[in-house]
Amino acid sequence: MLKQQLNLKLSQKLSPQQIQLMKLIQLPTQAFEQRLKQEMEENPALEGGKEEKEDYEDEYEGDDYQDDDPGNESIEADIDVDEYLSDDEIPSYRLQANNYSADDEDRQVPYASGTSFTQYLKTQLSTLRLNDSEKEIAEFLVGSVDESGYIRRSIQDIVDDLAFTQNVYTDEPTVEKVLKHVHELDPAGVGARNLQECLLIQLNRKDQTRQVSLAKDIIERSFDQFSKKHYQKLLSKHDISEDELRDAIDVIEHLNPKPGGAYAGNTRAVEHVIPDFTIKIVDGELELSLNGRNAPEMHVSKDYSEMLKGYKESREKSKAQKDAVMFIKQKLDAAKWFIEAIKQRQTTLFVTMSAIMNYQKEFFLTGDERNLKPMILKDIADEIDMDVSTVSRVANSKYVDTPYGTKLIKDFFSESMKNDQGEDVSTKEIKKILEMTIEDENKRKPLTDEKLAKMLKEKGYPIARRTVAKYREQLDIPVARLRKEI
């Protein structure tokens with residue numbers, strides 16, 4: 001059976017310059033500085049600082065220069081926007097700031113140098129009294145410690161691996177014995193096979209006060225009840241008072257559940273955030289400024305302009321001179337365009353952030369998240385008459401320094417819900433009220449999601465229990481049972 005189909009596709013074409021401008025807009029301050037440096041290294045016709053004399057503009061546009069080689073004609077290639085902006089063409093703008101563009105660059109953040117966690121542990125093995133065979137086992141055990149400080153594999157698996165990969169033939173009791181030595185290493189708790197063992201290792205190293213001894217007894221005999229916060233069962237089983245239980249819990253809560261994370265050499269990638277904008281309150285009004293590092297002074301090289309001028313005034317124009325002047329012309333054009341692109345980037349950033357600031361004026365004046373208005377990308381795009389993808393690039397990658405801390409701009413975007421008055425309210429406002437309600441609850445009897453939904457409804461926010469559960473998880477707040485305190 002034959003089928004006939006007619007597919008219509010509207011495809012926008014962007015020039016390479018427009019695509020490069022979009023890439024520049026999406027770069028945060030630090031990456032933008034690196035891009036500037038790269039461009040200046042690659043294009044000698046581009047220079048930083050103030051320009052001393054007139055621009056080169058029109059120096060090479062007179063009738064004296066004619067390009068006889070048709071192969072040198074400037075061709076501006078159109079490029080299918082789908083290859084670059086496919087992720088921006090999301091039908092629903094209610095995705096707010098989650099529509100990252102496909103041309104986001106994967107910038108690697110360097111790691112700080114230092115001794116590895118494994119090497120740090122191996123260095124300590126020399127302080128233990130072990131024979132050669134035990135030392136080999138200990139080194140293998142240390143090599144099995146993960147970044148949190150745990151050994152997640154069974155002793156039997158380790159015995160098998162020692163035989164197959166190290167030609168070390170041993171048994172489980174021997175490995176268990178060596179593991180006890182590994183538990184003597186720092187940080188305390190390293191080499192544990194589970195959380196219970198990790199906490200016990202740390203408690204055994206403490207001065208054995210009454211509180212510590214009780215904490216050990218609870219972790220040894222009632223770890224399941226403790227982890228589920230069944231406090232009444234603990235009071236009854238251990239025959240203790242609430243004050244005694246509270247003191248023991250305080251000891252346990254000061255232990256480290258991830259001893260590997262305590263090692264300073266266990267480095268993590270750290271990216272320093274440099275605010276792209278600053279918002280200040282001056283005489284009761286908001287004042288926006290763009291980070292000066294986003295507005296560099298650039299100009300076209302005077303030397304390159306002089307080269308063109310010299311060619312224009314020369315009587316004889318050889319083929320080599322024509323080739324050289326074509327190269328110079330291309331570099332000058334590129335420099336001129338890049339300077340213009342930087343200016344457009346500055347304008348786009350400032351106009352976009354200014355619209356966001358004015359839209360969320362009440363929040364920026366008070367710092368109260370309950371004053372955040374519902375706002376999606378399209379709201380700002382319509383306000384400044386720009387494409388949604390442009391607003392997305394600014395929102396997803398830029399930070400603003402406010403009187404209330406440095407914020408990622410996309411965090412100001414949120415969906416809307418109706419309150420009982422039929423008014424649109426931001427989901428961020430509802431989350432803030434939910435968070436405050438949980439903070440004020442009686443920790444002896446934490447509120448269930450059903451009770452929270454009922455309380456929010458009484459406050460004018462009619463949302464379902466499952467929505468409360470979703471918002472609570474997004475706020476990284478545990479269920480009622482795990483919020484219980486004694």
Does a donor on one side chain sit under 3.5 Å from an acceptor on the other, for [X] and [Y]?
| X | Y | answer |
| --- | --- | --- |
| Lys459 | Thr437 | yes |
| Gln38 | Gln34 | no |
| Asp161 | Thr165 | no |

For [X], does the [atom1] atom sit with more than 12 other heavy atoms under 6.0 Å from it, leaving out its own atoms?
| X | atom1 | result |
| --- | --- | --- |
| Lys343 | NZ | no |
| Arg465 | CZ | no |
| Asp385 | CG | no |
| Lys407 | NZ | yes |

Is there a side-chain contact between Ile433 and Ile430 (heavy atoms, below 4.5 Å)?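 Answer no - side chains too far apart.
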Is there a side-chain contact between Leu286 and Lys280, using heavy atoms and a 4.5 Å cut-off?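 The answer is no; the side chains never approach within 4.5 Å.
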Run the side chain to side chain contact (heavy atoms under 4.5 Å, CB included) check on Phe413 and Ile380 step by step: do they pass? CA-CA 10 Å; Phe413 290 83; Ile380 300 302; 4.0 Å; yes
Taking the six-membered ring for Trp, are the ring centroids of Phe364 and Phe412 within less than 6.0 Å of each other?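 Under 6.0 Å, so yes.
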Salt bridge or not between [X] and [Y]? Use side-chain N to carboxylate O under 4.0 Å.
| X | Y | result |
| --- | --- | --- |
| Glu39 | Arg35 | yes |
| Lys258 | Glu147 | no |
| Lys373 | Glu362 | no |
| Lys378 | Asp382 | yes |
| Arg345 | Glu340 | no |

Can you check whether [Y]'s main-chain N or O pairs, donor with acceptor, with [X]'s side chain at less than 3.5 Å?
| X | Y | answer |
| --- | --- | --- |
| Glu33 | Arg293 | no |
| Asp276 | Tyr399 | yes |
| Ser397 | Leu27 | no |
| Lys398 | Ile25 | yes |
| Asn396 | Ser392 | yes |
| Asn294 | Leu290 | no |
| Gln360 | Ile356 | no |
| Thr406 | Thr402 | no |
| Arg193 | Tyr150 | no |
| Glu441 | Leu447 | yes |

Side chain to side chain contact (heavy atoms under 4.5 Å, CB included) for Cys198 and Gln202? Distances and angles first, verdict last. CA-CA 7 Å; Cys198 178; Gln202 295 177 62; 3.3 Å; yes
